[in-house]
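Remember, it's 1-based here, ligands and their atoms both numbered in the order they're listed.
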Amino acid sequence: MTGDRVLAAHDLLAFYAEAGVDTCVGEMPIDRLARRDDVAPPSVATPAGARRSSAPMSAPQAAAAVATSPPSPETAVMAARAAARSAGTLDELRAILEGFDGCPLKTMASRLVFADGDPRARVMFVGEAPGREEDLAGLPFVGRSGKLLDRIMAAIGLDRGGVYIANIVPWRPPGNRTPTPQESQICLPFVRRQIELVDPDILVCLGGPATQTLLGLADGIMKTRGRWFDFDTGRRAIRATATLHPAYLLRSPIAKRLVWRDFLAIRAALTG
Ligand code: URA
């Protein structure tokens, strides 16, 4: 390559990095705007073993449904439900997730980010999705926002070893983008099962996407934060609340006072 082309390539990569693109998913560029008369319409064929009815699948059927890629989002959600239901322990759930191919994020992430902390904890935090540091470490909330979460927890006498931390989506979305609603729905049965198995006294949703996905609420986080809800596991109702995501606090430190209020309420709920 000539010097000019090296510089141009360097500038282009710098532009991509700044725009948050940091994952290479193919070596050849694809012109998605070009007319493709030769391409067949998207297949609606159901992968082997998968069913299009709403009837529940068994775990082996679920595994078969996602064995061919990519399954439709509906098939992936049904497969996720059956697979998550079949987990009797957190270790089983982690192993099932390791083998689950229904979420496209898995193909772009370095590894599964399952959880951190004590599975017998009274408080469980659920964030949105792993970022770059979490993807490298295989643990949730270890980057800048995680360090801030540690400090906020410490302010009410909690620490990472005494709580349980997970995310809605256990694979890093490329460029740290917000998971799509489809990706979140595919992963939701797993985090729901994780909550059932941990069975905390208090569930804390971190940020809008986690709150909306877990609690099924349409309102934004400024309306839902600081309020209490019931998270129904099917066996019992867990007290759930929502607060601002630590990454938001890094951008808007003024909002820390709201989070301080939320954490005082969490402490009161734990001691009350
Ligand atoms: N943000 C999240 O929502 N989760 C993490 O694990 C890290 C950052």
Donor-acceptor contacts, no H, no angles, side chain residues 197-207, under 3.5 Å, sequence neighbours left out:
residue : atom : partner : partner atom : Å
D199    : OD1  : R236    : NE           : 2.8
D199    : OD1  : R236    : NH2          : 3.1
D201    : OD2  : R122    : NE           : 2.6
D201    : OD2  : R122    : NH2          : 3.3

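The 12-atom threshold is not exceeded at CZ of R144, counting heavy atoms of other residues, nucleotides or ligands nearer than 6.0 Å.
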Using ring-ring contact (aromatic ring centres under 6.0 Å, His included), reason through F100 and F190 one step at a time and then give a plain yes or no. CA-CA 10 Å; F100 182 76; F190 295 109; 4.9 Å; yes

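Checking side-chain atoms of N167 against main-chain N and O of E128 turns up a donor-acceptor pair under 3.5 Å.
Distance CZ/F114 to CG/L93: 4.5 Å, rounded to 0.5 Å.
A salt bridge between K147 and E133 is absent, with no side-chain N of the basic residue lying under 4.0 Å from a carboxylate O of the acidic one.
Each of G127, E128, A129, P130, E134, P140, F141, S145, N167, H245 has a non-hydrogen atom positioned under 4.0 Å from some atom of ligand 1.
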